[in-house]
Every structure is written in structure tokens, then in C-alpha cells.
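For reference, positions follow the sequence shown, starting with 1.
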Amino acid sequence: SILRLSVAVRENMPDAFSPQCLVRKNLADAKFVFSQAASEGLVDSHLLNAMLQVQTNAGRIEPALRFYETEYAKNRVARTTHSDRLVIEMLVKKRRLSRAFKLKQDIENEGRNLDLLSYGTLVEHYGKQGELGSALMLIQECVDIHGSPPGEKSLKSVRDVCQKRNLTKQVRLEQIVGKDPLEWIKKG
């Protein structure tokens, strides 16, 4: 029966394991699947992005960047805004802002732009750090390119910083991003 088969083929968890052990196992499994797909000629942008996501979630910067730089070109698949975003998010999470901005510049040199979610990641980081000037410059750049600001989740920390420093009117935040949709809750 299927029940006996699932018991026979399942993997048993060791008694003691670390998160790093799970990351290594996930990477090994993903690499195996990717190599099988590559040998069968099934590599496309979706598979590359999925493998890149495994790499970036593992948090190993150099292997992820190497994959991003080589595998797309090797498989003659154009990188997408999703693949760009995965790397940007990893670099910001690991606090490698100079590398994130170098990647942003490289993407722009290729004639492409970051998507709204990538801008949101950068804006949110600067908002949480209280670096209002950098956040506002990125918001304005995002509006200039995409016609709208990043999502409200990304703007929350910027709004909070402006409100605490009483700068909302001075920096014209509401003219740039609009009124806070949750203001009614705060005033409630």
C-alpha cells in the first residue's frame, strides 16, 4: 500500500540537528534537482530563479552571486526583476548595502531597473536605520521610474521617522507617497 511505501522511502530526522544542517541538506537537494534538469535540457527562468532563491535563502553571499552571474548566461536565459530582487534582498538582509547598490548600478547599466519590491526593500532598510535622506531619495527615484512609491509596508518606518522628528510636511512626504492609509487607526 501507499502507506507502507511512504514509510519505507521517507527520510528520518536525526535526533540532533542544527539550522545549518537543514540549509546544507536543502542546498544539496536543490543542486541535485537542478543538475538533473540541466542534463535533460529543462532549465528555464523559473528553475533558475528557484535555484537562486535556495542560494539566497541559504545566506551564502559569494555562491549566490556566482550563481546569479554565471548560470543565467551559461543557460542563455535573461535575468528577470525577480532574480534581481532575490539578490538585492539577500544583500540588504546581510547588511551589504554597498554591494546591493553596485548590483543596482550594474542592472541599470544593462538598461533595466529594479522593481517596486526591490525599491521597497532598500527604502524599508533605510527607514528602519533612521536614514531619512537615503530613504527619501530612493522613494523619489522609484516614483520617477515606476510612477508610484513602494508598498506601504516599506514606507511605514519612513513615515514613523518623519512623524517622530516632525518632518512630514518639511520633506513633503504626503505629496510624494500620499496620505498614510492607517492614519485613522492611529488617531482613532
Side-chain angles (χ1 to χ4, degrees), residues 19 23 45-46 48-69 71-72 77-188:
V23 167
S45 65
H46 301 291
L48 286 166
N49 286 341
M51 186 63 193
L52 180 61
Q53 186 170 11
V54 170
Q55 294 276 355
T56 58
N57 285 344
R60 296 182 178 138
I61 295 171
E62 295 307 322
L65 287 174
R66 193 170 31 256
F67 185 89
Y68 177 80
E69 293 295 329
E71 290 297 323
Y72 287 86
V77 174
R79 290 184 289 233
T80 63
T81 55
H82 179 66
S83 51
D84 300 337
R85 181 178 346 118
L86 290 169
V87 178
I88 292 282
E89 287 174 347
M90 176 193 65
L91 291 171
V92 169
K93 183 178 178 183
K94 291 292 189 173
R95 299 187 183 270
R96 302 297 197 284
L97 272 293
S98 60
R99 290 182 93 170
F101 278 101
K102 180 172 181 339
L103 177 62
K104 178 183 176 294
Q105 185 178 17
D106 292 344
I107 290 167
E108 289 168 350
N109 289 340
E110 292 175 6
R112 301 181 300 125
N113 291 308
L114 296 180
D115 63 357
L116 281 170
L117 296 173
S118 298
Y119 274 105
T121 298
L122 294 166
V123 167
E124 185 175 4
H125 171 78
Y126 280 124
K128 286 180 178 178
Q129 299 302 313
E131 297 180 28
L132 191 57
S134 298
L136 291 171
M137 285 181 9
L138 283 166
I139 292 169
Q140 188 60 56
E141 181 180 325
C142 181
V143 170
D144 292 344
I145 291 172
H146 295 289
S148 66
E152 191 58 37
K153 176 186 177 287
S154 305
L155 299 173
K156 182 184 180 325
S157 53
V158 174
R159 287 187 193 277
D160 291 345
V161 170
C162 286
Q163 191 173 36
K164 285 177 186 171
R165 296 180 186 170
N166 201 20
L167 295 172
T168 304
K169 286 190 179 16
Q170 187 177 353
V171 299
R172 299 179 24 247
L173 186 64
E174 288 185 357
Q175 285 84 8
I176 298 170
V177 299
K179 288 197 168 278
D180 185 356
L182 300 176
E183 185 177 353
W184 66 274
I185 292 175
K186 295 174 187 172
K187 290 184 178 179

- [ ] Would you please name every residue forming a side chain to side chain contact (heavy atoms under 4.5 Å, CB included) with Glu89, sequence neighbours left out?
- [x] Arg85, Thr121
TODO: Search all heavy atoms of Arg159 against all heavy atoms of Pro181 and return the closest pair with its distance.
DONE: NH2-CD, 4.3 Å
Open item on the list: Using the rule side-chain contact (heavy atoms from CB on, under 4.5 Å), only one of Lys169, Arg165, Lys164 pairs with Leu167; which is it?
Closed with: Arg165
- [ ] Taking all non-hydrogen atoms of both residues into account, name the closest pair between Gly127 and Val161 and its distance.
- [x] O-CG2, 3.5 Å
Task: Least distance between heavy atoms, Leu173 atom then Cys162 atom - done: CD2-SG, 3.9 Å
Open item on the list: Within the 4.5 Å heavy-atom criterion, are Glu124 and Val92 side-chain neighbours or not?
Closed with: no
Task: Verdict with reasoning, Asp180 to Gln163, per side-chain contact (heavy atoms from CB on, under 4.5 Å) - done: CA-CA 11 Å; Asp180 185 356; Gln163 191 173 36; over 6 Å; no
Open item on the list: Tell me the closest heavy-atom pair linking Pro150 and Gly120, and the distance in Å.
Closed with: CB-CA, 3.6 Å
TODO: Could you tell me whether the side chain of Arg95 reaches within less than 4.5 Å of the side chain of Gln129, counting heavy atoms only?
DONE: yes
Open item on the list: Closer than 3.5 angstrom, by distance alone: can the side chain of Arg79 be matched with the main-chain N or O of Tyr68 as a donor-acceptor pair?
Closed with: yes
Open item on the list: Between Arg66 and Glu62, does any NZ, NE, NH1 or NH2 come within less than 4.0 Å of an OD or OE carboxylate oxygen?
Closed with: no
TODO: To the nearest 0.5 angstrom, please state how far the NZ atom of Lys156 sits from the CD atom of Glu152.
DONE: 9.0 Å
Open item on the list: Can you confirm whether Leu97 sits close enough to Leu122 that some side-chain heavy atom of one is under 4.5 Å from a side-chain heavy atom of the other?
Closed with: yes
Distance-only donor-acceptor hits, side chain of residues 131-147, under 3.5 Å, sequence neighbours excluded:
unit_1: Gln140; atom_1: NE2; unit_2: Asp144; atom_2: OD1; d: 3.0
unit_1: Glu141; atom_1: OE2; unit_2: Lys104; atom_2: NZ; d: 2.6
unit_1: Glu141; atom_1: OE2; unit_2: Tyr119; atom_2: OH; d: 2.6
unit_1: His146; atom_1: NE2; unit_2: Leu114; atom_2: O; d: 2.7

- [ ] Let me see the working for Asp115 and Ser118 under side-chain hydrogen bond (donor to acceptor under 3.5 Å, both in side chains), right down to the final yes or no.
- [x] CA-CA 5 Å; Asp115 63 357; Ser118 298; 2.7 Å; yes
- [ ] Report, as yes or no, whether the 6.0 Å neighbourhood of atom CZ on Arg112 holds more than 12 heavy atoms from other residues, nucleotides or ligands.
- [x] yes
Task: Spatial distance of atom OG (Ser154) from atom NE2 (His125) [nearest 0.5 Å] - done: 13.0 Å
TODO: Assess whether atom CZ of Arg172 is packed by more than 12 heavy atoms of other residues, nucleotides or ligands within 6.0 Å.
DONE: no
TODO: Decide whether Asp84 and Thr81 meet the rule of one side-chain donor and one side-chain acceptor closer than 3.5 Å.
DONE: no
- [ ] Return yes if some donor-acceptor pair links the side-chain N/O of Arg96 with the main-chain N/O of Lys94 below 3.5 Å, else return no.
- [x] yes
Task: Shortest non-hydrogen contact between Phe101 and Tyr126, atoms and distance - done: CE1-OH, 3.1 Å
Open item on the list: Checking Thr80 now: which residues fulfil side chain to side chain contact (heavy atoms under 4.5 Å, CB included) with it, not counting sequence neighbours?
Closed with: Asn49, His82, Ser83
Task: Val177 versus Pro149, closest heavy-atom pair with distance - done: CG1-CB, 3.7 Å
- [ ] Under the side-chain contact (heavy atoms from CB on, under 4.5 Å) rule, what do Lys102 and Asp106 come out as? Steps first, then yes or no, please.
- [x] CA-CA 6 Å; Lys102 180 172 181 339; Asp106 292 344; 3.2 Å; yes
